[in-house]
Amino acid sequence: MESPPQMSIPDESLTHCLSFLPLKDVLRCAQVCKQWLARSKSNAIWGGLCDELWRTKAYVPMYIRAMKLRNSNQAYFESLRDSKRQHPTLEELCEFEWCFRFKESAGAHWIQIDPYWSLDHKDSKIAQTIIRRFMKDGTLKRLDNFDALRNFSGSNYEFKWRTRDSEGEGKYIKRIQVNHFPSYITSRHPRNWGFIMQSCWVLWTSFPMPAPGHDDLLVDQKLEVKVDDQMEEVDRYNYGDVGNLDRVIIETPNGPVIVPFTQLAQHLNMLNDDGDDMGNEGEGEVSGRDDDEEGEGDEGGEGEEGEGEGEGKERMEGVTTSSNPASSPMEVEQDPTQDNTHPEDSFPDSRAMTFQLFQPPPPDPSNP
């Protein structure tokens with residue numbers, strides 16, 4: 001009995017048929033016979049698989065895309081391996097146009113001036129955002145037309161960035177620092193393979209940022225870096241050395257007022273005009289009074305000097321700093337009184353007032 005004749009499928013026809021199959025079926029067909037194995041490795045098949053895989057990806061390195069022309073099978077699996085890499089190279093960091101937004105933890109003021117939050121995106125899947133490019137010389141280049149952060153009072157800062165942490169002998173950048181803001185930690189979006197940088201206050205994406213509600217992995221609740229994770233950096237930013245402060249915001253019954261720090265310090269007897277150590281002048285005045293008068297002064301006093309000393313202590317006790325490290329100082333347009341002859345006349349009653357240490361805004365590193 002003769003065996004039935006074997007049918008042979010032309011290579012071109014077999015390749016064409018295999019090109020319509022998903023990856024799993026292509027791999028199964030490769031196990032049928034030597035002919036099918038050979039045809040399953042065709043660039044025509046794997047080029048189509050690469051296109052399908054990369055269609056929804058924000059980033060595939062150029063060397064892998066170039067590899068597709070020579071060996072699309074290798075390019076496919078190399079792109080999968082690269083997607084597990086969590087940190088960009090210096091070249092990649094400086095290549096992207098980074099989209100920026102504040103997290104809600106930055107505070108209401110920064111949310112209100114951020115185009116991501118303030119503009120209406122209901123008809124778009126992509127948000128309008130602040131955009132910057134990190135240049136190799138350590139500066140940031142502005143690529144958008146939003147003036148929100150440029151209008152911040154006194155924001156004539158020069159923003160500089162530097163690598164703070166890396167791996168792979170410095171090849172891959174894990175963390176960068178922009179001025180004195182909490183540092184930005186890099187990672188990879190698990191679905192679209194784009195890069196992300198975030199601190200406890202801000203988010204950067206190397207791809208056009210999805211509008212609110214269009215990417216569940218980029219909502220604040222899903223982002224990994226929280227205030228508690230950067231508490232030391234937050235404290236350093238908000239409350240750093242007193243000598244580095246230039247002004248503070250005082251919250252009064254009539255609204256917040258921006259006041260030069262030296263003027264506030266004078267008012268609270270933290271500094272004195274002749275530059276001596278704090279309290280020296282007060283100690284000299286007390287030493288010239290008798291015990292009864294000194295006692296009256298300590299209690300608030302009826303004498304002029306005693307009253308001043310007691311009131312000064314009471315005011316110091318009434319001044320508190322913000323206990324919420326995630327809060328950011330608000331911007332106030334009102335100018336403080338400039339008459340420093342009698343600093344106490346330039347301030348409201350400070351017994352009930354509070355103040356926050358005032359620093360530059362948490363980062364949108366825009367360079368005016």
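Note that this is a predicted model, so its numbers are computed, not measured. We're numbering straight along the sequence, starting at 1.
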Trp193 backbone acceptor or donor facing Arg188 side chain under 3.5 Å: yes

Separation between OH (Tyr172) and CG (Leu90), nearest 0.5 Å, reads 12.5 Å

Would you call Gln198 and Tyr184 a side-chain contact if the rule is heavy atoms closer than 4.5 Å? no

Any side-chain heavy-atom pair from Arg132 and Ile130 closer than 4.5 angstrom? yes

Does Ile126 offer a backbone N or O that forms a donor-acceptor pair with the side chain of Ser124 under 3.5 Å? yes

Ion pair present between Glu233 and Arg236, side-chain N to carboxylate O less than 4.0 angstrom? no

Are the side chain of Thr186 and the backbone N or O of His87 linked by a donor-acceptor pair below 3.5 Å? no

When the ring centroid of Phe207 is compared with that of Phe195, is the distance short of 6.0 Å? no

Under 3.5 Å, side chain of Ser72 to main-chain N/O of Asn43, donor-acceptor pair present? yes

Where the side chain of Asp229 meets the backbone of Lys226, is there a donor-acceptor pair that is under 3.5 Å apart? yes

Donor-acceptor pair, side chain of Glu92 and main chain of Thr89, under 3.5 angstrom: yes

Using side-chain heavy atoms (C-beta onward) and a distance below 4.5 Å, is Arg191 in contact with Asp215? yes

If you define the side chain from C-beta out and look only at heavy atoms, does anything of Ser183 sit under 4.5 Å from Gln230? yes

Following the transitive rule for hydrophobic clusters with a side-chain heavy-atom cut-off under 4.5 Å over Ile, Leu, Val, Met, Phe, Trp and Tyr, establish whether Phe100 and Val225 coincide in one cluster. no

I'd like to check Thr56 versus Trp54 (side-chain heavy atoms, cut-off strictly below 4.5 Å). Are they in contact? no

Between Phe181 and Phe159, what is the ring plane arrangement, given parallel below 30°, perpendicular above 60°, and tilted in between? parallel

Basic-acidic side-chain contact under 4.0 Å: Glu167, Arg85: no

Measuring from atom NZ of Lys160 to atom NE2 of His180, what distance do you get when rounded to the nearest 0.5 angstrom? 16.0 Å

So Met209 and Trp98, do their side chains get closer than 4.5 Å, heavy atoms only? no

Hey, would you say the Phe102 and Tyr116 ring centroids sit under 6.0 Å apart? no

Are any non-hydrogen side-chain atoms of His189 and Leu217 less than 4.5 angstrom apart? yes

